[in-house]
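This report concerns only the one structure given below.
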Amino acid sequence: EVQLQASGGGLVQAGGSLRLSCAASGFDFNDYSIDWFRQAPGKEREGVSCFSSADSSTYYADSVKGRFTISSDNAKNTVYLQMNGLEPEDTAVYYCAAAAYHLCRVGFWRPEEYEYWGQGTQVTVSS
């Protein structure tokens, strides 16, 4: 059974930090990118960050560059998103998603092109 389990969300004050985790199982982690998307109320889902094991490349949305860092523990099939300097504009439900043969250096794919999605974890940043 394929699973993407996202966790680590919560309520934090502006300027604070959170670390999200996405634990993958049921598919070959090395053949997929693991991406983080987020969706705020009334807004479209947007890509935040991406990690691909195949070439160890990463990608970040301009809005989070310099604040967020994506990393992977391949032994645990888990991708982490360290979020520092959080802003109220970062408030959203964060989802992890997996796409086969997607190399992050090309940027995000369209959401419908991702095969698997996690259940989402709420991040709320208060001002």
Side-chain angles (χ1 to χ4, degrees):
E1 179 187 4
V2 172
Q3 279 194 327
L4 286 175
Q5 185 71 35
S7 62
L11 172 64
V12 65
Q13 289 188 332
S17 299
L18 285 172
R19 189 178 79 155
L20 305 184
S21 299
C22 178
S25 60
F27 61 94
D28 191 337
F29 190 73
N30 294 314
D31 288 339
Y32 286 73
S33 72
I34 303 294
D35 298 48
W36 286 98
F37 284 78
R38 66 185 181 187
Q39 188 164 20
K43 294 188 177 181
E44 291 188 354
R45 192 168 295 193
E46 63 174 355
V48 176
S49 188
C50 173
F51 177 85
S52 50
S53 295
D55 63 351
S56 297
S57 65
T58 60
Y59 189 83
Y60 297 92
D62 287 343
S63 59
V64 306
K65 281 181 182 176
R67 300 188 297 123
F68 292 9
T69 303
I70 195 167
S71 62
S72 173
D73 185 337
N74 286 6
K76 296 182 178 180
N77 283 5
T78 299
V79 170
Y80 304 97
L81 185 67
Q82 179 67 42
M83 305 187 296
N84 298 329
L86 283 162
E87 303 168 351
E89 294 74 23
D90 296 316
T91 295
V93 178
Y94 283 70
Y95 301 89
C96 57
Y101 309 116
H102 171 217
L103 301 180
C104 294
R105 53 190 165 87
V106 303
F108 301 112
W109 285 358
R110 294 172 298 172
E112 58 266 31
E113 294 179 291
Y114 289 77
E115 282 94 337
Y116 308 121
W117 287 85
Q119 82 285 8
T121 184
Q122 176 70 46
V123 171
T124 303
V125 184
S126 63
S127 57

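The first residue in the sequence is number 1, and the count goes up from there. These figures come from a predicted structure and were not determined experimentally.
Defined by atom type and a distance below 3.5 Å, a donor-acceptor pair is missing between the side-chain atoms of Thr78 and Asp73. Using a 3.5 Å distance cut-off with no hydrogens or angles, the side chains of Tyr94 and Arg38 do pair a donor with an acceptor. Side chain to side chain, Ser52 and Ser57 meet the donor-acceptor criterion of an N or O pair below 3.5 Å. In summary, the side chains of Gln5 and Ser7 do not present any donor paired with an acceptor at a separation below 3.5 Å, with no hydrogens or angles considered.
Residues Ser21 and Trp36 share a closest heavy-atom pair of O-CH2, 3.5 Å. For Leu81 against Ser49, the heavy-atom pair with the smallest separation is CD1-CB, 3.8 Å. Listed here is the closest heavy atom pair of Asn74 and Phe51: OD1-CE2, 4.4 Å. The two residues Ala98 and Leu4 come nearest to each other via the heavy atoms N-CD1, 3.8 Å.
Taking the side chain as every heavy atom from C-beta outward, Ile70 and Tyr80 never approach each other to under 4.5 Å. Side chains of Tyr95 and Arg45 form a contact here, defined as non-hydrogen atoms less than 4.5 Å apart. Looking at heavy atoms from C-beta onward, Asp90 lies in side-chain contact with Arg67 at the 4.5 angstrom threshold. Residues Val79 and Phe29 meet the side-chain proximity criterion, which asks for heavy atoms closer than 4.5 Å.
Shown are Val123, Val48, Thr69, Val64; of these, the side chain to side chain contact (heavy atoms under 4.5 Å, CB included) with Met83 is made only by Val123.
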Requested in this report: Carefully, step by step, assess Phe27 and Tyr32 under the rule ring-ring contact (aromatic ring centres under 6.0 Å, His included).
Outcome: CA-CA 9 Å; Phe27 61 94; Tyr32 286 73; 4.6 Å; yes
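Tracing side-chain contacts under 4.5 Å through hydrophobic residues (I, L, V, M, F, W, Y), one reaches Phe68 starting from Leu18; they form part of the same cluster.
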